[in-house]
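Below is one structure, written out as structure tokens, with a few remarks after it.
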Amino acid sequence: LAKTTQPISMDSYEGQEVNITCSHNNIATNDYITWYQQFPSQGPRFIIQGYKTKVTNEVASLFIPADRKSSTLSLPRVSLSDTAVYYCLVGDHGGGFKTIFGAGTRLFVKA
Amino acid sequence: EAGVTQFPSHSVIEKGQTVTLRCDPISGHDNLYWYRRVMGKEIKFLLHFVKESKQDESGMPNNRFLAERTGGTYSTLKVQPAELEDSGVYFCASSQVGLYGYTFGSGTRLTVV
């Protein structure tokens, strides 16, 4: 199982762009990279998923280099409500049913 | 569409008692997963159903845990007898083949005293 490494925490201010990088050196050929967001007392919420290059949706972008050993979640202009824990997972197309959730990155957005 | 529903949201039981957690996945989702986070630790996979069949239960900690998914709809996770170390938050998630990511429920916070 591919294990991921992320920064434990990050601070930002409202309106800034936030980039969270995740390392997954042992990613397998058929693994996808999926990011989740979790607020207190809630389950993780799917943000974005990609396999290679760049993926963008209405809330975030995901950058994946050619070797796929890392990925970067980019949140364009964060607000206070983006304060949450962000998890990077590597696994099957559905998000990795046995994928290991790491400790995640605790993002704190300040006014 | 309705999301993944879990209940109860909280449960406090005494050591040695039995507790049953329930998960209602999104209608039509064949895949159902159970995860849990024990105090201070990471979210860990417990098991995976495809419809009513257990696809993978390698994450189940021991035989005090029993998961079922009769008819391929809702699932239950029974802990019998509960121990103190079973305290934590139990999450259920569902997905459909070909769709991105999982949809998680809000979890059941289990406290064993």
Side-chain angles (χ1 to χ4, degrees), chain A residues 1-9 22-24 30-52 54-62 64 71 73 84-106, chain B residues 3-10 21 23-26 29-51 53-60 67 75 88-111:
Chain A
L1 298 175
K3 186 172 173 62
T4 60
T5 303
Q6 306 173 231
I8 294 296
S9 65
C22 177
S23 297
H24 28 79
N30 56 354
D31 282 341
Y32 282 73
I33 300 156
T34 311
W35 285 79
Y36 286 86
Q37 174 192 56
Q38 187 178 27
F39 298 111
S41 301
Q42 293 186 24
R45 183 177 74 96
F46 172 85
I47 302 175
I48 197 166
Q49 184 180 79
Y51 183 81
K52 60 181 179 181
K54 177 184 175 182
V55 179
T56 297
N57 62 22
E58 62 276 9
V59 298
S61 293
L62 179 59
I64 305 168
S71 59
L73 174 72
V85 179
Y86 292 81
Y87 294 98
C88 163
L89 280 72
V90 175
D92 71 9
H93 192 274
F97 57 85
K98 287 183 68 175
T99 302
I100 299 172
F101 275 81
T105 297
R106 188 172 298 276
Chain B
V4 176
T5 304
Q6 292 186 247
F7 49 95
S9 56
H10 294 81
L21 314 181
C23 169
D24 285 73
I26 291 174
H29 278 194
D30 288 340
N31 295 298
L32 187 148
Y33 315 83
W34 285 96
Y35 291 83
R36 76 171 179 176
R37 187 211 305 271
V38 294
M39 183 67 73
K41 301 215 174 154
E42 300 168 354
I43 298 174
K44 290 196 172 178
F45 166 83
L46 294 178
L47 87 159
H48 170 212
F49 282 99
V50 176
K51 297 184 179 179
S53 299
K54 291 177 185 174
Q55 184 76 11
D56 185 342
E57 52 183 331
S58 61
M60 296 286 263
S75 174
V89 182
Y90 290 76
F91 293 105
C92 173
S94 72
S95 74
Q96 187 55 293
V97 175
L99 295 182
Y100 291 144
Y102 299 169
T103 302
F104 280 80
S106 295
T108 294
R109 181 173 295 278
L110 173 65
T111 302

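Small disclaimer: the values here were computed from a predicted structure and weren't measured. Hydrogens, waters and symmetry mates are skipped; everything else that's a heavy atom, side chains included, is used. Residue numbering restarts at 1 for every chain, and letters A, B, ... go by the order of the sequence lines.
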Considering all heavy atoms, the nearest A:Gly43-B:Phe91 contact: CA-CE2, 3.4 Å
Top residue by heavy-atom pair count (under 4.5 Å) with chain A, among B:Ser106, B:Gly107, B:Gly105? B:Ser106
Does B:Tyr90 have any ring pair (Phe, Tyr, Trp, His ring centres under 6.0 Å) partners at least two apart in sequence or in another chain, and if so, which? none
Checked A:Gly102, A:Gly104, A:Ser41 vs chain B; the most non-hydrogen pairs under 4.5 Å come from A:Gly102
Who pairs with B:Glu57 by salt bridge (Lys or Arg N to Asp or Glu O under 4.0 Å), at least two apart in sequence or on another chain? B:Lys54
Can you name the closest pair of heavy atoms from A:Phe101 and B:Ile43 and give their distance? CB-O, 3.3 Å
Top residue by heavy-atom pair count (under 4.5 Å) with chain A, among B:Lys44, B:Lys41, B:Gln6, B:Arg37? B:Arg37
Chain B contact via A:Phe39 - side chain, backbone, both or neither, heavy atoms under 4.5 Å: neither
Under a 3.5 Å distance rule, please check whether B:Tyr102 uses its side chain to pair with a backbone N or O of A:Pro44 as donor and acceptor. no
Taking side chain as everything from C-beta outward and backbone as N, CA, C, O, which of these in B:Arg109 sits under 4.5 Å from a heavy atom of chain A? Side chain, backbone, both or neither. neither
